[in-house]
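Here is the structure we will look at.
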Protein chains: 2
Amino acid sequence: MPMEQGHLSQRKFRRHEHLAHRGELQDHVLHLEEGWASRYCVLPDGRRQITALFLPGDYCEPQWLLSGKAELPILALTPVKARAIPLAGVHARPGDTVMKLLGGVLQNHDRQTAWIVSLGRKTALERVAGLLVELFERLQATGKVDDNRCTIPLTQQDIADVVGLTPVHVNRVLGDLRNRGLVRLSGKILHLPYPQALGAAASSSSERPVDPDAQRTAWPAGKAA
Amino acid sequence: MPMEQGHLSQRKFRRHEHLAHRGELQDHVLHLEEGWASRYCVLPDGRRQITALFLPGDYCEPQWLLSGKAELPILALTPVKARAIPLAGVHARPGDTVMKLLGGVLQNHDRQTAWIVSLGRKTALERVAGLLVELFERLQATGKVDDNRCTIPLTQQDIADVVGLTPVHVNRVLGDLRNRGLVRLSGKILHLPYPQALGAAASSSSERPVDPDAQRTAWPAGKAA
DNA sequence: CGAGGTGTTGATCCTGGTCAAGTACCGTGG
DNA sequence: CCACGGTACTTGACCAGGATCAACACCTCG
């Protein structure tokens with residue numbers, strides 16, 4: 001009995017409450033109105049990795065349109081208000097929403113690709129800096145940045161679980177960024193005096209000499225068939 | 001001038017030739033018939049990370065159906081034979097192919113999620129073991145495994161660029177796995193005497209005591225609203 | 001008020017990186 | 001036939017980026 005898409009589809013979750021459980025079938029997609037959520041994975045011995053962050057304005061797991069199932073659990077990092085979009089309705093009258101959802105899938109896919117590069121090849125400092133600018137820009141896109149300031153409700157533990165580090169080390173890196181004057185993070189307020197500069201630190205840390213003859217084997221790259 | 005989908009759409013690439021360049025617009029998707037390819041990213045200072053592997057039978061970048069554009073370059077790791085599937089045709093008569101492509105997108109998405117967990121939280125040994133079983137199983141699914149043996153045309157450098165390690169260290173880890181009798185990798189032939197056991201090594205290395213009270217903060221996980 | 005979740009800092013350890021040399025294995029051309 | 005040059009693989013010695021262990025300060029919220 002699918003209900004109309006009116007205000008009745010509004011759902012609330014408390015901090016640390018699950019929006020979805022591992023392997024659970026999903027007949028809807030959530031559109032976050034307020035609060036943050038995360039997709040995560042726990043290894044048998046307790047190691048945790050967050051594989052996606054969902055911010056206000058995001059669809060929470062657009063790919064459920066295609067799979068109808070949550071591969072991994074989704075956890076509220078803060079109190080969350082969301083609108084549930086029943087998939088039955090979308091499938092019945094495939095309109096604008098389908099394209100938005102597929103766009104969301106694509107965006108998440110590309111974001112994940114970028115994170116694979118980060119986790120595989122970047123230093124702790126680059127990863128943390130990268131996360132901060134990514135979040136800054138995503139919040140900026142939804143008008144949630146003012147005077148280079150925004151609210152990041154993440155714990156240092158959360159950050160660690162995103163960037164694949166220890167909370168202790170995240171702390172040190174944040175301290176380092178603070179010393180360099182690139183980041184001011186007090187309480188949950190993030191202030192980036194020079195977002196540009198932080199972006200630079202995220203790509204390839206300034207120290208690391210940009211090796212001009214980086215190509216291991218110079219594949220001409222221009223020998224099309 | 002799009003050609004018919006007959007045998008004329010067959011395309012060949014040599015080793016180290018690009019199937020697609022970074023940012024290039026794509027009016028087709030490739031279906032690999034023979035050979036392996038990889039999506040990769042190079043940082044300004046030369047660090048490389050492979051973010052996807054394409055095996056025979058795979059669609060190469062199904063999401064091009066949605067984006068029409070290659071975000072990252074695709075490189076042939078071996079000589080490649082592929083069938084080009086023009087997207088114009090797919091959009092015109094959306095049939096079975098669309099679902100197959102969307103399924104491919106979903107599969108790649110999930111695979112990337114798994115790799116984020118690996119790169120973020122697993123040890124060198126677990127990552128390498130994980131890669132080998134993944135490839136073994138993907139080849140098995142297309143009937144390319146016989147007597148627990150299959151062909152892996154990857155260089156140790158390639159493997160390193162997938163698992164985010166140094167080729168030197170990959171070598172040591174492979175040696176370790178060989179000593180444990182879990183892997184026999186001579187030339188390009190991979191032999192897994194006990195695929196099962198290797199899978200176990202990939203999840204959480206046997207040494208690592210499975211911490212029973214792993215939950216950092218015991219979130220009841222059962223307090224639905 | 002106390003308790004538990006956080007953030008901060010120091011000392012020490014260890015996984016994996018770096019540097020370097022040497023080997024094996026080609027396919028090429030003399 | 002062998003000499004060669006290039007790529008891939010191995011191995012050792014040493015180094016360093018983060019992890020681990022531990023203690024403490026802070027702060028919010030029962």
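Letters A, B, ... mirror the listed sequences (proteins, then strands); counts begin at 1.
- Rounded to an integer number of Å, the gap from A/H169 NE2 to D/dC21 C1' is 16 Å.
- Heavy atoms of A/T166 sit under 4.0 angstrom from at least one base atom.
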Kindly determine whether B/S118 and B/E126 satisfy side-chain hydrogen bond (donor to acceptor under 3.5 Å, both in side chains), including the steps that lead there. CA-CA 8 Å; B/S118 262; B/E126 292 169 322; over 6 Å; no
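- Going from atom CG of A/D45 over to atom C1' of D/dT20 covers 15 Å, rounded to whole Å.
- Two residues, A/R178 and B/V173, neighbour DNA chain C, and the one matched to the more 5' nucleotide by heavy-atom proximity is A/R178.
- Among the nucleotides D/dA8, C/dG17, D/dT10, the one closest to any side-chain atom of B/L165 is C/dG17.
- With rounding to whole Å, A/D176 atom CG is found 14 Å from C/dG10 atom P.
- Following rounding to the nearest Å, A/R127 (CZ) and D/dG17 (C1') show an atom-to-atom distance of 10 Å.
- In this model, the phosphate group of C/dG7 is not approached by any side-chain N or O of A/N171 to a distance below 4.0 Å at OP1 or OP2.
- Residues passing the side chain to side chain donor-acceptor pair (under 3.5 Å) test with A/R172: none are found, sequence neighbours excluded.
- Listed here is the closest heavy atom pair of A/W64 and A/V29: CB-CG2, 4.1 Å.
- Counting non-hydrogen atoms of other residues, nucleotides and ligands closer than 6.0 Å to NZ of A/K69 gives a total of 12 or fewer.
- Computed from coordinates, the A/L125 CG to D/dG18 P distance equals 8 Å when rounded to whole Å.
- Not counting sequence neighbours, A/S38 has no partner by the side chain to side chain donor-acceptor pair (under 3.5 Å) test.
- In this structure, B/D176 does not pair ionically with B/R178, as no charged nitrogen and carboxylate oxygen lie closer than 4.0 Å.
- Residues from residues 182-190 of chain A with heavy atoms under 4.0 angstrom of DNA chain D: there are none.
- Residue A/Q157 places no side-chain N or O under 4.0 Å from the OP1 or OP2 atom of C/dG7.
- Protein atom NE2 of B/H16 is 16 Å distant from nucleotide atom P of D/dG6, rounded to whole Å.
- One interatomic measurement links the two molecules: CZ of A/R172 to C1' of D/dA22, which rounds to 11 Å at whole-angstrom precision.
- Using a 4.5 Å heavy-atom threshold, the side chains of B/L30 and B/I85 count as separate.
- A/R15 comes within 4.0 angstrom of sugar-phosphate atoms only, judged by non-hydrogen atoms across all strands, and of no base.
- Between B/E126 atom CD and C/dT15 atom P there is a gap of 12 Å when expressed in whole angstrom units.
- For B/V168, whose side chain is taken as the heavy atoms from C-beta onward, the closest listed nucleotide among C/dA20, C/dG17, D/dA19 is C/dA20.
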